[in-house]
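Worksheet: one structure, shown below.
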Amino acid sequence: MAVQENGNAGDAEVQQLEPQPVLSIRATIRIADLGPAMDDRIPALVDYLQQSGARPAGPPYVRYHTFGDTETDVETGIPVLEPIVGHGRIAAGELPGGPAVTTWHTGPHHKLGEAYARISAFIKSQGHEPNGDAWEVYHWIDPSRSFETATFDPSTWHTQLVQPIK
């Protein structure tokens, strides 16, 4: 059951998540290299899914484990219907289940800070505490198709932010 703040579609809400098996690529990179890393990682994950016969369970995500001034420990992944073994730099893993605050952002990613601010304000106003790292789900990319088929008009991008809470 989701609880919405003020009942508006663009507001934050609490959701109960199930643990989700994923395939991902994680590394510490320079923040300036985030775009090229996505351009490399998502196609590599989609190719691995196609080669292995694994089926995606949803769109790709990016999870920031740390975010410093110049570097970030970032995980780019795709949820899968059933756990599968990774290979090389592609690792099998899981996004955590449990309560989480979510919100949506439509538009370019340089404005994602507004959505993160909504989540932060909601968590504070409801007396919750974060529990682990947040992630962004890119609903404008279909992992069952080639990365080249993604919509590259940033004004139409639909991104869901997820912050696990205690």
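V101 is connected to Y116 through a chain of hydrophobic side-chain contacts under 4.5 Å among Ile, Leu, Val, Met, Phe, Trp and Tyr, so both are in one cluster. Note: the hydrophobic cluster containing V62 does not contain V22 (ILVMFWY, side chain heavy atoms under 4.5 Å, direct or indirect links). Linking ILVMFWY residues whenever their side-chain heavy atoms come closer than 4.5 Å, directly or via other members, leaves W104 and V162 in distinct clusters. F67 and L161 fall within the same hydrophobic cluster, defined by Ile, Leu, Val, Met, Phe, Trp and Tyr side-chain heavy atoms under 4.5 Å apart, directly or through other members. Under the 4.5 Å side-chain contact rule for hydrophobic residues, L95 and I165 do not share a cluster.
Applying the side chain to side chain donor-acceptor pair (under 3.5 Å) definition to pairs two or more places apart or across chains, those involving residues 53-65 are Y61-E75, H65-E75, H65-D133.
What you find for L17 and A100 is that their closest heavy atoms are CD1-CB, 3.6 Å. Contact record, L81 with P56: CG-O, 3.9 Å, taken as the closest heavy-atom pair. Here the closest heavy-atom approach between residue P59 and residue V137 is recorded as CG-CG1, 3.6 Å. Annotation for M38 and P43: closest pair O-CD, 3.7 Å, computed over non-hydrogen atoms. When all heavy atoms of K166 and P130 are compared, the pair lying nearest together is CE-O, 3.6 Å.
A donor-acceptor pair is defined here as one N or O able to donate and one able to accept, closer than 3.5 Å; such a pair exists between the side chain of T72 and the backbone of T66. Side chain of Q163 to backbone of G132: a donor-acceptor contact under 3.5 angstrom is found.
Between the NE2 atom in H105 and the NZ atom in K111 there is a gap of 8.0 Å [rounded to 0.5 Å]. With rounding to the nearest 0.5 angstrom, the CD1 atom of I123 is 10.0 Å from the CG atom of N131. Note that CH2 of W135 and CD of Q20 are 9.5 Å apart. Values are rounded to the nearest 0.5 Å. If you take CG on L45 and CD1 on I25, they are separated by 4.0 Å, rounding to the nearest 0.5 Å. Between the OH atom in Y138 and the CD1 atom in I42 there is a gap of 7.5 Å [rounded to 0.5 Å]. In this structure, CD1 in I29 is found 9.5 Å from CG in D73, a value given to the nearest 0.5 Å.
Within the 4.5 Å cutoff, side-chain heavy atoms of V74 are placed close to those of R41. V14 is listed as a side-chain neighbour of H128, based on a closest heavy-atom distance under 4.5 Å.
Each of T76, L49, V85, I78 was compared with L23 under the side-chain contact (heavy atoms from CB on, under 4.5 Å) criterion, and only L49 meets it. Each of H139, H110, H109 was scored for a ring pair (Phe, Tyr, Trp, His ring centres under 6.0 Å) with W157, with one residue passing: H109.
Using a 4.0 Å cut-off between charged side-chain N and carboxylate O, D11 and R118 make no salt bridge.
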